[in-house]
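This report concerns only the one structure given below.
Treat the numbers as computed from the prediction; the structure is a model and nothing was measured. Reminder, nothing fancy here: chain letters follow the sequence lines and each chain counts from 1.
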Protein chains: 2
Amino acid sequence: MEFTKRQAEIIKASIILIAKKGIQNLTIKSISKSIGISEPAIYRHFENKMDILLAILSYFKNTNSIVLETSELKNKTAIEQIGLIYSNHFKEFNENRALTSVIFSEEIFQNDQRLTDKVLSIMKTNNIVISQIIKTGQKNNEIRNDIPGEQITMIIMGALRLIVTKWRMSGFAFDLKKEGSDLWNSMKKMIMKTYK
Amino acid sequence: MEFTKRQAEIIKASIILIAKKGIQNLTIKSISKSIGISEPAIYRHFENKMDILLAILSYFKNTNSIVLETSELKNKTAIEQIGLIYSNHFKEFNENRALTSVIFSEEIFQNDQRLTDKVLSIMKTNNIVISQIIKTGQKNNEIRNDIPGEQITMIIMGALRLIVTKWRMSGFAFDLKKEGSDLWNSMKKMIMKTYK
DNA sequence: CTATTGTTAGTTAACGTTCACTAACTAAAA
DNA sequence: TTTTAGTTAGTGAACGTTAACTAACAATAG
């Protein structure tokens, strides 16, 4: 188990606090207050504040892997796989809205090299997984190959990120699952080799 | 003139500081140090720190309007117009790299309602301009109309944002103008009605 | 022409508050 | 009985901001 119960509690409280008021208002005091213990008690579970930030990123990495590497993906077409990754993301965000404030927000973790490196590695993992699926789809003549796979990956990831950002900034005012699914259906038309 | 020389200096210094070390390290002390005056002197030019953050966003709004509403856009096809908006953005970012750390980083300005509102209004302006161009292009049978204009807008904006984010996070390691232009050529293939 | 008055943009010193973090102690669980 | 997880009460450093003052300059009045 990567984190104890209390550690997980601290991580989740921190994410919610960042979502609400930004990283500038994430303090040991605000964390401890939100879970109902004293400030020094936090230090029984994390060495320092930086370790909490790193733990948040580890938590993302896990969540992300689960969404990306689910066994559902096996024995599906490339298009079906990307579709599933899209809908899994939307499901995850719908259940954990605070996550959207930080998961595509590389800028938040900019104050330390270790944080930046960790963010970068999460981004790269994402890219490799999607890119691999796209390229396989291109080989199978499922996805158009007059456009480099990396660029299709960028377009797919860019749209996913932007719709989630808009959803959050609207105060979660629209149905992400529905709008997201519509968006994906449009993207399919654009990237599939033969669309009927 | 919206800002005095000194105010502009403070704004630019702040953007560079955010780009370097994140919003957490933007302090009155760091700003004053970077332009070589004392901390209290900052208060001769801005009432308080919040006003500096708001000024940064106003500065963005201006830069953004210039990129979006240039007269070059007149008498051009929709595709040419979006192409120009893309390349103008890349040119602007290339000349002012620190800008990329904040311009698509809504999360940075999350600690106050006034900041969030201003960010939102900039995003909306962007969207309206691009969306208008796309819809005109669809009416003229220039852009495919089997996909709603709003979704094409989202895809275009999402890709632009993501490539800029990647460029920044790579430490500006690739040629944004070239990679961006390649990306746009691929997007054209996807959204044009007839591509030869 | 010069003395007065006001403005602008800066200084040093200090304010109260909050920050991350620690020492010392305690209750309860293992 | 030792370990774990909490407490209270504190630390020095950094935070945004203000007070008090000054040098340099511009406009105006005598």
Report yes if a side-chain nitrogen or oxygen of B/S38 is closer than 4.0 Å to either non-bridging phosphate oxygen (OP1 or OP2) of C/dT11; otherwise report no.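 Checking B/S38 against C/dT11: at least one side-chain N or O falls below 4.0 Å of OP1 or OP2.
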
Does C/dG10 have its OP1 or OP2 closer than 4.0 Å to a side-chain nitrogen or oxygen of B/H45?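 Yes.
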
Which residues share a side chain to side chain contact (heavy atoms under 4.5 Å, CB included) with A/I66, sequence neighbours left out: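 With neighbours one apart ignored, the set is empty.
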
Only counting residues at least two apart or in another chain, list the ones meeting salt bridge (Lys or Arg N to Asp or Glu O under 4.0 Å) with A/E150.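 For A/E150 the salt bridge (Lys or Arg N to Asp or Glu O under 4.0 Å) partners, ignoring immediate neighbours, are A/K135.
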
What pairs with A/R44 under salt bridge (Lys or Arg N to Asp or Glu O under 4.0 Å), at least two apart in sequence or on another chain?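 With sequence neighbours excluded, A/R44 shows a salt bridge (Lys or Arg N to Asp or Glu O under 4.0 Å) to no residue whatsoever.
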
Could you tell me how far apart [X] ([atom1]) and [N] ([atom2]) are, to the nearest whole angstrom?
X	N	atom1	atom2	value
B/I35	C/dA9	CD1	P	12 Å
B/I42	C/dG10	CD1	C1'	11 Å
B/M50	D/dC15	CE	C1'	15 Å
B/D112	D/dG16	CG	C1'	15 Å
B/E47	D/dT18	CD	C1'	13 Å

Any chance you could list the contact pattern along nucleotides 23-30 of chain C? Use B for base contacts, S for sugar-phosphate-only contacts and - for none, protein heavy atoms under 4.0 Å, 5' to 3'. BBB-----

With sugar-phosphate taken as primed atoms, P, OP1 and OP2 and all else as base, the protein-contact string of nucleotides 15-20 of chain C at under 4.0 Å (heavy atoms; B, S, -) is ----SS

Is any side-chain N of the basic residue among [X] and [Y] closer than 4.0 Å to the acidic one's carboxylate O?
X	Y	answer
B/E92	B/R97	no
B/D175	B/K177	no
A/R168	B/E107	yes
A/K166	B/E106	no

Which of residues 7-22 of chain A have a heavy atom under 4.0 Å from DNA chain C?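 Going residue by residue through residues 7-22 of chain A, none turns out to have a heavy atom under 4.0 Å of DNA chain C.
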
Ring-plane angle category for [X] and [Y], please: parallel below 30°, perpendicular beyond 60°, tilted otherwise.
X	Y	answer
B/F3	B/F46	tilted
A/F90	A/Y86	perpendicular
B/F109	B/F60	perpendicular

Take B/N111 and A/K21 through the test side chain to side chain donor-acceptor pair (under 3.5 Å) and record every step on the way to the result. CA-CA 5 Å; B/N111 50 323; A/K21 289 275 184 176; over 6 Å; no

